[in-house]
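The structure appears below as C-alpha cells.
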Amino acid sequence: MNKLPPRHYEKRQFEEHLQKVVNFTESNISKIGINNPKIGDENLQYTYCGASDWVSSFWTGQLWLCYQLSGKESFKNSAGFRKEYFNELLKMPDCHDHDLGFQYSLSCVAGYKLTGDSEYKQMAIQAADSLYMRFRRIGKYIVAWNETHILGPEKTQGKVIIDSLQNTALLFWASEQNHSPVLRNAALAHAHTMAENIVRDDYSTYHTYNFDPVTQKPLRGETFQGYADESCWARGQAWAIHGFAQTYIYSGDEKFLELAKNLARYAMQHLHQDAVPIWDYLLPEDQVQYKDSSAGAVTAAGFMLIAGLCEGEEAVFYEQWAMHLVKGLMEQCDLTDNPDAKGLLNHGASFVAKGMSDNLLPYGDYYYMEALMRICGHQRYFW
Ligand code: GLY
C-alpha cells in the first residue's frame, strides 16, 4: 500500500463545503438559463454547447444531484428544461458516439431515478440502444468516435478511448431495465478488452487504443489529449480508476476492482504534494506544468468508489486519499467564494495541445460535487 497522504482529514469540513456548493449552484441557475456549459473563458464565464456535445449533460447532472440533496423545485425544474435538448439529440443519430453514456446517464437516467418520469426512461433506453450499435462483435469493443471525427475514418473506425468506461454504465442500467443480458454482455466484453489493451503493465493507461478496423486485431496505444503516446494523461487515468471500479460494481468480477486499485496507486505515486494533478503524469519538466482540476475531481470520486468497496484500514486509506485530493481542489481551484464565477472549479485542462489548458470545465464541477457527496456518505448516483 502507498503511504497515507500527509494530513489527516475529518468529514465535517466537507459536509459544510458541500452545502456551499449546492448554494453556489442555485445562485447560477438563472444566470446559466437553458444553456449547457461547455468550457469557461478568462472571465470565469461559461461558453455553451451546441446541438450535440459530449459535455452537454454535466450541468444537468449537477442540478439533479442538487435536487436530490435539497429537494428544491428550482433544481428539478432547471434540470427538466433540458429534456428537450436530449430529445432532439436522439433524433440526430449521425451525432451519436460513445459519449451517449455521459449524455443520457446524467440527464435521463438521473431524471427517471429522481422523478419516475417514464419519458426519461424511454429516452435513456433509446440512447443505450444507439450506444450498443457501436459494439464490434469480433474485436469485442465499443468504437468511440465516428468517421467524421477530426482524426479521419482510418484512425477512428477501430478506436477505443479510456473515458468509455463511464459510458458503459448506461448499457448496464438499460440491461437491468430491459431484463435482457445483451447490452450488459457488450459492456462487460468491452471492459475486458479495455483491461487487456489500454492498461499498461505498470498500471498507467493509454488514452486511446487502435484495433484494425477490418480484422479487429489489437494494434497500438495512442494519445489524443495527452502529452505523448507513451505518457499518462491524468484525466484518462482518472476515467479508468472510476470506470473500472464502477464495472466491478455492475459485474462483481474482482479483476476489475483489483485493476481499479492498481490504477489508483499509480496516480497516488505520481501526484505532487499539493494534490491537484498536473494534466499528464509523465509530462517532461521543460513543459508548462498546467494543472487539471477535473482530473483531480474524477480521481477523488474514483478513490471514494474504491473506498466503498473495501473494509477497515484499506477503506480509510482510499477515503483519506480522496479527501486529500478534494482538499487540494478546495484550497487551489474552488470558486464558491466568487459570486461572479459560473463554475465551481478553476484550472481545468481540457485539451492542452489546442490551447484549452486553464479553464472552468463542467465535468470538473460535476465530479467535484460527486466526490464531495461520496465523502459525505451519500449513496445514490446516476451511474
Ligand atoms: N472525453 C474527453 C475528455 O475527458 O476530455
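All ligand and atom numbering here is 1-based and tracks the order in the structure. Starting from 1, each residue takes its place in the sequence as its number. These figures come from a predicted structure and were not determined experimentally.
With respect to atom 2 (C) of ligand 1, the closest heavy atom belonging to the protein is D163 OD2, 2.9 Å. The protein heavy atom nearest to atom 5 (O) of ligand 1 is R235 NH2, 2.5 Å.
Proximity of W233 to ligand 1 is established by a heavy-atom distance of less than 4.0 Å. For W239, the heavy-atom gap to ligand 1 drops under 4.0 angstrom.
The six-membered or imidazole ring of F86 lies away from that of Y120, with a centre-to-centre distance of 6.0 Å or more. Side-chain rings of W173 and Y104 stay apart, their centers remaining 6.0 Å or farther from each other. Ring centers of F256 and H192: under 6.0 Å apart, within the cut-off.
One distance of note links CD of E15 with CD of E10; it measures 10.5 Å at 0.5 Å rounding.
Salt-bridge formation is detected for the pair D274/K291: a Lys NZ or Arg NE/NH1/NH2 atom is positioned less than 4.0 Å from an Asp or Glu carboxylate oxygen.
Considering backbone and side-chain atoms together, W54 places no N or O closer than 3.5 Å to any N or O of ligand 1. Between D99 and ligand 1, no pair of N/O atoms sits closer than 3.5 Å.
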